[in-house]
Amino acid sequence: MTDQNIIADGDAPETGITPGGTTGAFRDVLSKDHARRGKPPLHFADMTPEQRVETAKELGMPKFRVKQLANHYYGRFDVNAAEFTDFPAAKRDEAAAAFFPELIHEVTRQVADNGTTIKTLWRLFDGSHIESVLMRYPTRTTLCISSQVGCGMGCPFCATGKLGLTRNMSAGEILEQVRVAARMMRDGEVSGGPGRLSNIVFMGMGEPMGNYRSVLSAVRQISAMPPEGFGISARNITVSTVGVVPGIRKLAAEGIPVRLAVSLHAPSDELRDELVPMNKRFDTTQVLDAAHDYWLASKRRVSIEYALMRGINDQAEHARLLAKRLNHYGDDWAHVNPIPLNPIEGSRWTASKPEDEARFLEILHDAGITATLRDTRGQDIDGACGQLAAKTREAFERAK
């Protein structure tokens, strides 16, 4: 599999599936219902400026109406054209149908942490399900969003990985998660009263680098100021990857100051081959080299995500080797986020003992590595990404 093959579907997201590859050790793990389902409805967020103007023209609307629609969408988080008082009443229904088709529909919502964590299950146009999680902290509010339906990376400890990859999401489907969350914060629907959505992390369902074009379009629209985007600083956006090296290098060349997060989970190739199948295509040296090059290009410290699993990757020797691998580059380029595993029901992969977590952190700190144990949210709900969607799918299969 060539480097271009691994992100080819990011260049053509309408095909729905990352190609996996015809050579090399790694293959995408595809869902049994991964066959093409057609494209999502074309949404305002998916259109180029020229397409928006042309669509308005076809509806008999002047060009300036497009800017009005953009102000409603990006500035007011609103798609209910029936209430656009600055818009001709006779054109509101047409505008809604042409520019704002429903892309995501709330199925269920789970609330945790005294109302400051809200996990939402969404149904897409083709019956697929994805999840997003809104988390309010004292000084920020973060939304974790999905970029694919399922995931083809096949990591055995991950609930989304067990679903396999169904298809890529459109930029509009990605952005609708952001718009709804921003509106919820503005309207005080999250415990703590009205506020502002400040941070976006592409750490929900899917491998963002496998849907590169839609993810990059979403990043640009999230970070642009209204009426071109939602006005959330690119420095407050994190794009995660299991280590798709061509995607990391392509993102570095974009010159957008987003933070890169690499889901490493193991310090050696032998262990990572088991935990992250993509390692058989891009090994730890290639991944860390690309991540360090991202730091050199962006001057944004890279987040190293490391899910701690009891007796598997959480022992002192793992921490020492991780510190050695990171310190090899000679500069303070990485921040390690050890993550207490949110285990999947019935899985052999389980969370580390608290004393092992503490020892792991201590070894990293002693080696001069910046590291912070990740705050786990939503442990009293289906907190691990993909758990809610997986349960919904299982219930559907049983009902057939």
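We number each residue from 1, following the sequence as shown.
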N-O pairing of Arg310 and Asp356 below 4.0 Å: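 No.
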Check ion pair Glu254-Arg220 (N to O, under 4.0 angstrom): yes
Kindly state each residue pair satisfying ring pair (Phe, Tyr, Trp, His ring centres under 6.0 Å) with at least one member in residues 239-258, sequence neighbours excluded. none
Return each pair, listed once, that meets ring pair (Phe, Tyr, Trp, His ring centres under 6.0 Å) where at least one residue sits in residues 158-187; pairs must be two or more places apart or across chains.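 Listed by first then second residue: nothing to list.
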Test item: side-chain donor near acceptor, Arg325 and Thr284, under 3.5 Å: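 Distance-only check passes for Arg325 and Thr284.
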Distance-only donor-acceptor check, side chains Gln148 and Asn168, under 3.5 Å: yes
So, do [X] and [Y] sit near enough that their side-chain heavy atoms are less than 4.5 Å apart?
{"X": "Ile200", "Y": "Phe202", "answer": "yes"}
{"X": "Leu271", "Y": "Ile312", "answer": "yes"}
{"X": "Lys91", "Y": "Phe84", "answer": "no"}

Donor-acceptor contact below 3.5 Å, side chain Arg259 vs main chain Arg235: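 Not a single qualifying donor-acceptor pair exists.
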Nearest heavy atoms of Ser146 and Ile174, plus distance in Å: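 In this case the closest contact between Ser146 and Ile174 is O-CG1, 3.9 Å.
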Minimum-distance pair of heavy atoms, taken over all atoms of Val262 and Ala291: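 What the structure gives for the nearest pair is CG2-CB, 4.0 Å.
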What about His43 and Phe100, are their ring centers closer than 6.0 Å?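 Under 6.0 Å, so yes.
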Does Phe99 have any ring-ring contact (aromatic ring centres under 6.0 Å, His included) partners at least two apart in sequence or in another chain, and if so, which?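 With sequence neighbours excluded, Phe99 shows a ring-ring contact (aromatic ring centres under 6.0 Å, His included) to Phe44, given in chain and number order.
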